[in-house]
Amino acid sequence: MTRARNPLAFIDAELDDLKAKHLYRPLRVMSAAQGPVTVVDGREVISLSSNDYLGLTHHPRLRDAALQAIGEFGVGSGAVRTIAGTMAEHEQLEADLAVFKSVEAVLTFQSGFTANTGVIPTITGEADLIVSDALNHASIIDGMRLSKAPRKVFPHRDVAALREILHDAASKGRPDGAGPYRLILVVTDGVFSMDGDIAPLPGIVEAAEEVGAAVYVDDAHASGVLGRNGRGSVDHFGLHGRVDIQVGTMSKAMGVLGGYVAGSQALRDILVQRARPFLFSTSHPPADAAACREAIRVMDDEPWRIERLWASTKRFKAELTRLGFDTGRSETPITPIIVGDSEAAIRFSGRLFEEGVFATSVVFPTVALDQARLRTIVTAALTDEHLDRALAAFAKVGSELGIIQA
Ligand code: PMP
């Protein structure tokens with residue numbers, strides 16, 4: 001039977017448009033484990049594209065913990081947490097994370113993304129105001145979209161502008177004249193995922209304290225990277241007890257999968273009752289929870305990993321700058337190499353790939369249209385020799401394409 005009309009034909013047109021604008025991203029397929037060297041689309045490459053900061057995705061202790069949990073509990077949890085999907089491993093992981101983060105209580109989610117989209121609409125509503133950094137992660141933006149709370153955006157990392165918004169909001173109250181806001185919530189990434197810069201958390205906390213606002217920090221890229229043994233940005237800045245809500249991910253430096261929210265017991269309790277991804281989506285496989293628990297222990301037992309991560313990061317960044325690349329305002333292992341034009345970024349990434357280096361391009365809408373870049377992340381698993389080989393490829397391709405002077 002032939003159809004008179006394809007109602008989804010507009011999708012083909014949209015795809016063609018993306019391709020014409022060099023904004024179409026094909027998926028790269030890996031046929032080996034994540035690691036400093038992996039196999040992508042059949043080619044062995046040095047990987048500068050994963051979030052596996054500490055090299056834990058393939059750590060034998062995490063693998064063994066997962067295998068043991070599979071033997072004991074099977075492969076799936078079988079239900080959402082609030083019905084029959086809370087296993088001892090989930091609760092133990094949350095207890096371990098609460099100790100690691102020095103907070104009263106932790107609740108885990110299936111991912112960092114669902115943590116943000118679950119927490120923000122649960123704790124904010126019409127009577128509240130959310131004040132958000134302009135470059136916050138997509139999952140924070142989606143969390144705000146799901147909330148009934150009005151929101152204001154402050155320019156990226158601009159504490160003075162934030163302070164002005166907060167004082168204005170606190171003195172004027174709700175726009176409908178219904179009195180003061182119930183909650184003013186300041187939300188920021190701890191480390192910004194596309195630029196690698198760090199939120200000015202001490203200034204944010206001070207400004208929030210002046211008006212009694214709460215602070216919410218998404219530490220997806222600070223978990224395992226900043227603070228003692230990777231305890232995150234609150235620990236890095238010595239702000240324990242002054243940040244109300246910390247979100248973390250177990251999908252990046254911890255090497256597994258999942259998100260978590262660290263804060264008070266009351267926060268955990270209300271999320272268990274109301275956070276929609278928690279209530280309506282199946283919990284982690286027990287093996288993932290077991291591997292995450294082991295990741296916390298490894299982070300404490302093997303501090304050389306974070307030391308190595310930072311030593312390699314400094315060297316890699318210094319060399320890229322010496323070669324003449326623009327690494328923006330990065331202060332962490334996330335090292336963008338800003339090219340500007342999408343087509344140039346895609347060509348740069350493609351040529352590096354041919355030279356055996358996997359450094360993915362990031363284009364609109366992940367970054368602004370004229371801010372296309374390669375986004376690299378150094379990991380603790382990369383040796384000096386890997387980094388030297390990668391840098392040689394960057395120098396060769398960068399000058400070949402006119403991105404740096406030969
Ligand atoms: N928040 C930020 C700041 C992130 O960079 C990411 C990952 N891209 C997330 C949340 C989502 O974390 P996950 O991958 O665990 O869903």
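In listed order, ligands and their atoms are each counted from 1.
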Per-pair distances, 0.1 Å, donor-acceptor, side chain in residues 178-194, under 3.5 Å, sequence neighbours excluded:
from: R182; atom 1: NE; to: D128; atom 2: OD1; distance (Å): 3.0
from: R182; atom 1: NH2; to: D128; atom 2: OD2; distance (Å): 2.7
from: D189; atom 1: OD1; to: H137; atom 2: N; distance (Å): 3.2

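Annotation: side chain to side chain contact (heavy atoms under 4.5 Å, CB included) contacts of I83 (sequence neighbours excluded): V80. Listed by chain and number, the residues in a side chain to side chain contact (heavy atoms under 4.5 Å, CB included) with F364 are L23, L369 (sequence neighbours excluded).
When side chains are defined from C-beta on, H221 counts as touching Y53, because their heavy atoms get closer than 4.5 Å.
Taking 4.0 Å as the cut-off between side-chain N and carboxylate O, D142 and R145 count as a salt-bridged pair. A salt bridge links E343 with R347; the closest basic N to acidic carboxylate O contact falls under 4.0 Å.
Protein neighbours of ligand 1 below 4.0 Å, counting non-hydrogen atoms: S111, G112, F113, N116, H137, S139, D189, S193, D218, A220, H221, T249, S251, K252, G258.
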